[in-house]
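Worksheet: the structure to be examined is printed underneath.
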Amino acid sequence: MAMLGQKTIATILNLQARLLAGIDEASSAEFAIFEQYGEIETTVMVLEQLQNATERLRNPYSRFYTLLLRMSESQPIVSSVMLNLLDKTIEQARADTDAVEATIREAKRDFNLP
């Protein structure tokens with residue numbers, strides 16, 4: 001891949017793994033809350049937050065996929081625009097995963113899920 005070091009690639013792949021795990025966990029929590037309590041006044045907001053959390057993680061995951069594919073096809077160098085977008089996506093993915101993990105922990109705690 002043009003101009004990307006192994007450390008950067010490892011960072012991206014680790015973030016993608018965290019994003020996928022977060023999507024899985026948010027979806028699982030949403031399903032468990034819905035199955036156990038249904039869609040009632042006390043769950044509607046939490047179910048919506050978990051759906052939003054899934055979407056929030058899906059976006060940087062998709063962006064990474066697209067960027068890495070385009071960067072691998074860019075030879076011999078990657079444009080500075082793509083590198084800047086990659087840096088911003090890494091920062092956003094870190095912030096999003098941290099925020100979503102907190103949202104999931106709170107939802108699980110509020111509804112006594114493991």
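Numbers here simply count residues along the sequence, with the first being 1.
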Go through the steps for Leu4 and Leu83 under the test side chain to side chain contact (heavy atoms under 4.5 Å, CB included), then give the verdict. CA-CA 9 Å; Leu4 286 184; Leu83 291 172; 4.0 Å; yes
Check the pair Thr43, Gln36 against side chain to side chain contact (heavy atoms under 4.5 Å, CB included), reporting the backbone distance first and the verdict last. CA-CA 10 Å; Thr43 63; Gln36 191 169 358; over 6 Å; no
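Considering all non-hydrogen atoms of both residues, Ala26 and Thr54 come closest at CB-OG1, 3.6 Å. A pairwise comparison of heavy atoms in Gly38 and Leu47 identifies O-CD1, 4.2 Å as the closest pair. Scanning both residues, Pro60 and Asp96, for their nearest heavy atoms gives CG-OD2, 4.1 Å. The heavy-atom pair separating Arg94 from Leu15 by the smallest distance is CG-CD2, 3.7 Å. The shortest heavy-atom contact between Gln16 and Leu68 is OE1-CD1, 4.4 Å.
Side-chain atoms of Leu19 and Phe64, non-hydrogen and from C-beta on, do get closer than 4.5 Å to each other. Using a 4.5 Å heavy-atom cutoff, the side chains of Leu57 and Leu20 are not in contact. Contact check for Ile104 versus Glu30: no side-chain heavy atoms found under the 4.5 Å cut-off. Side chains of Ile33 and Asp110 form no contact here, defined as non-hydrogen atoms less than 4.5 Å apart. With contacts defined as side-chain heavy-atom distances shorter than 4.5 Å, the pair Glu106/Val46 does not qualify. No side-chain heavy atom of Thr103 sits under 4.5 Å from any side-chain heavy atom of Asn52. Proximity of Glu101 to Glu25: side-chain heavy atoms (C-beta onward) are nowhere separated by under 4.5 Å. Annotation: side chain of Asn14 is not in contact with side chain of Arg18 (no heavy-atom distance under 4.5 Å).
Applying the ring pair (Phe, Tyr, Trp, His ring centres under 6.0 Å) test to every pair with at least one member in residues 83-114, sequence neighbours left out, gives these pairs: Tyr37-Phe111.
Distance check: Ile23 CD1 to Ser28 OG gives 13.5 Å after rounding to the nearest 0.5 Å. Rounded to the nearest 0.5 angstrom, Leu86 CG and Met71 CE are separated by 4.5 Å. One distance of note links OG1 of Thr66 with OH of Tyr61; it measures 10.5 Å at 0.5 Å rounding.
Phe31 and Leu113 end up in different hydrophobic clusters when Ile, Leu, Val, Met, Phe, Trp and Tyr side chains are linked at under 4.5 Å.
Between Glu91 and Lys88 no salt bridge is recorded (no basic side-chain N to carboxylate O distance below 4.0 Å).
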